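Note that the coordinates shown come from a computational prediction; the quantities given were computed from them, not determined experimentally. Here is the naming used below: chain letters follow the sequence lines, and residue numbers restart at 1 for every chain.
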Number of protein chains: 2
Amino acid sequence: MYGTARGEWRTTRQRAAVLGALRACDGFVSAQALHAALAADGVAVGLTTVYRTLRLLESAGHVDVVRDGDGERLYRPRPDGGHRHYAVCRECGLSLAVDSEEVEQWVARTVRLIGFRAVDHTVELTGVCGDCHRPADRRTDP
Amino acid sequence: MYGTARGEWRTTRQRAAVLGALRACDGFVSAQALHAALAADGVAVGLTTVYRTLRLLESAGHVDVVRDGDGERLYRPRPDGGHRHYAVCRECGLSLAVDSEEVEQWVARTVRLIGFRAVDHTVELTGVCGDCHRPADRRTDP
DNA sequence: GTATGTGCAAACGATTTGCAGACTG
DNA sequence: CAGTCTGCAAATCGTTTGCACATAC
């Protein structure tokens, strides 16, 4: 494989910082946002290093990754063992883990049905959360 | 402006070509691939124009759009009225529309449950199709 | 001490945009 | 004709890489 599970990374100030900042976030963050947050926190870490660390975490399976509307990668520390799916608010960025047991089963069944193998699935919900669509706000009301 | 739903586009050689090439494709194609296909077909259309036409089609709802693993946009003419979900083979690009009634319902229910509004959902399956994982091929066998 | 990690700046690749000229209606 | 559309080249933007230096073990 790709050096994924080597568990041999050196412990550096930068990596600790990135990991810490990532954990300190509620929802998904982009590499750039993370870098900015670190900088704002007075921690100097190169953008390059943020990207590299995030990629490392990704291949080690320590983070979940989604893509926002522009194809930008958003990272989130993985809660526990398995992967999850989220509903992300496009106004405030709030992300809610949703129960997707049913979807998982549907995926498994569908995969079997169509004869695909090594299937990856993406299930993303993006909308406007309860806090963000208060009366004053609505400008989208079909 | 974005001239989205104006229905006033001029009929040009380039647009017809792009639309034709798009329709001639089985599965999803990237703008670049489409441009290359057109060129290979002897039809000269600027890459810019391909992008612009595709964006037009997208906002008019005439194509479905997914993102491949690298965040590249892939387009496909929309089969009929509603939107569909697909399983895409990452080896040969084959795309299969899958029955996602269950998922749609789960989405609706979940959305109601968490109080989100104006929710968009993405459900993508990527794997290796039956034709591509013939015995000779397997190098991923967990 | 040596293999790794870091940071800067430059490279990248997909997509978008400015602008002058070509074309549709 | 006037308003669009096209295409080239240049600009963006997120992300990756080359390379010399710093650091962990």
d(NE2, A/His35; P, C/dG7) in whole Å
8 Å

Considering only distance and modelled atom types, tabulate donor-acceptor pairs under 3.5 Å from the side chains of residues 48-58 of chain A, sequence neighbours left out.
from    : atom 1 : to      : atom 2 : distance (Å)
A/Tyr51 : OH     : A/Gln32 : NE2    : 2.9
A/Thr53 : OG1    : A/Thr49 : O      : 2.8

Does OP1 or OP2 of D/dG7 have a side-chain N or O of B/Gln14 closer than 4.0 Å?
yes

Tell me which nucleotide among D/dA24, D/dT15, D/dT6 gets nearest to the side chain of B/Thr12.
D/dT6

What integer distance in Å separates A/Arg13:CZ from D/dA22:P?
14 Å

Hey, does A/Thr48 reach any base, or is it just sugar-phosphate, or nothing, if we go heavy atoms under 4.0 Å?
base

A/Ala44 near the nucleic acid: base, sugar-phosphate alone, or nothing, with a heavy-atom cut-off under 4.0 Å?
sugar-phosphate

D/dT15 P sits how many Å from A/Leu47 CG, rounded?
9 Å

From CD of A/Glu58 across to P of D/dT15 the rounded distance in Å is 11 Å

To the nearest angstrom, how far is B/Leu38 atom CG from D/dG7 atom P?
11 Å

For the side chain of B/Asp64 and the backbone of B/Val66, is there at least one donor-acceptor N/O pair under 3.5 Å apart?
no

Between CG of A/Leu34 and P of D/dG14 the distance, given in whole Å, is 15 Å

Using a cut-off of 4.0 Å on non-hydrogen atoms, how would the nucleic acid contact of B/Thr11 be classed: base, sugar-phosphate, or nothing?
sugar-phosphate

Go through C/dA3, C/dT15, D/dG3 for me and flag the one nearest to the B/Arg10 side chain.
D/dG3

Check if the side chain of B/Arg73 and the base of C/dA14 share a donor-acceptor pair of N or O atoms closer than 3.5 Å.
no

Contact class for B/Arg15 vs. all strands (heavy atom < 4.0 Å): base, sugar-phosphate, or nothing?
sugar-phosphate

Remember a base hit wins even if backbone is also touched, and classify A/Arg52 as base, sugar-phosphate or nothing at under 4.0 Å, heavy atoms.
base

B/Phe116 and A/Leu96: which non-hydrogen atoms are nearest, and at how many Å?
CE1-CD2, 4.0 Å

Should B/Arg55 be listed as having a side-chain N or O under 4.0 Å from OP1 or OP2 of C/dT15?
no

Starting at CG of B/Leu54 and ending at C1' of C/dT17, how long is that distance when rounded to a whole Å?
17 Å

Taking all non-hydrogen atoms of both residues into account, name the closest pair between A/Val45 and A/Ala17 and its distance.
CG2-CB, 4.2 Å

Look only at the side chain of A/Arg76 and the backbone of A/Cys25, and say whether a donor-acceptor pair between them is shorter than 3.5 Å.
no

Using the closest heavy atom to pick a nucleotide of DNA chain D for each, name whichever of A/Glu72 or B/Val45 lands nearer the 5' end.
B/Val45

From OH of B/Tyr51 across to C1' of D/dA11 the rounded distance in Å is 15 Å

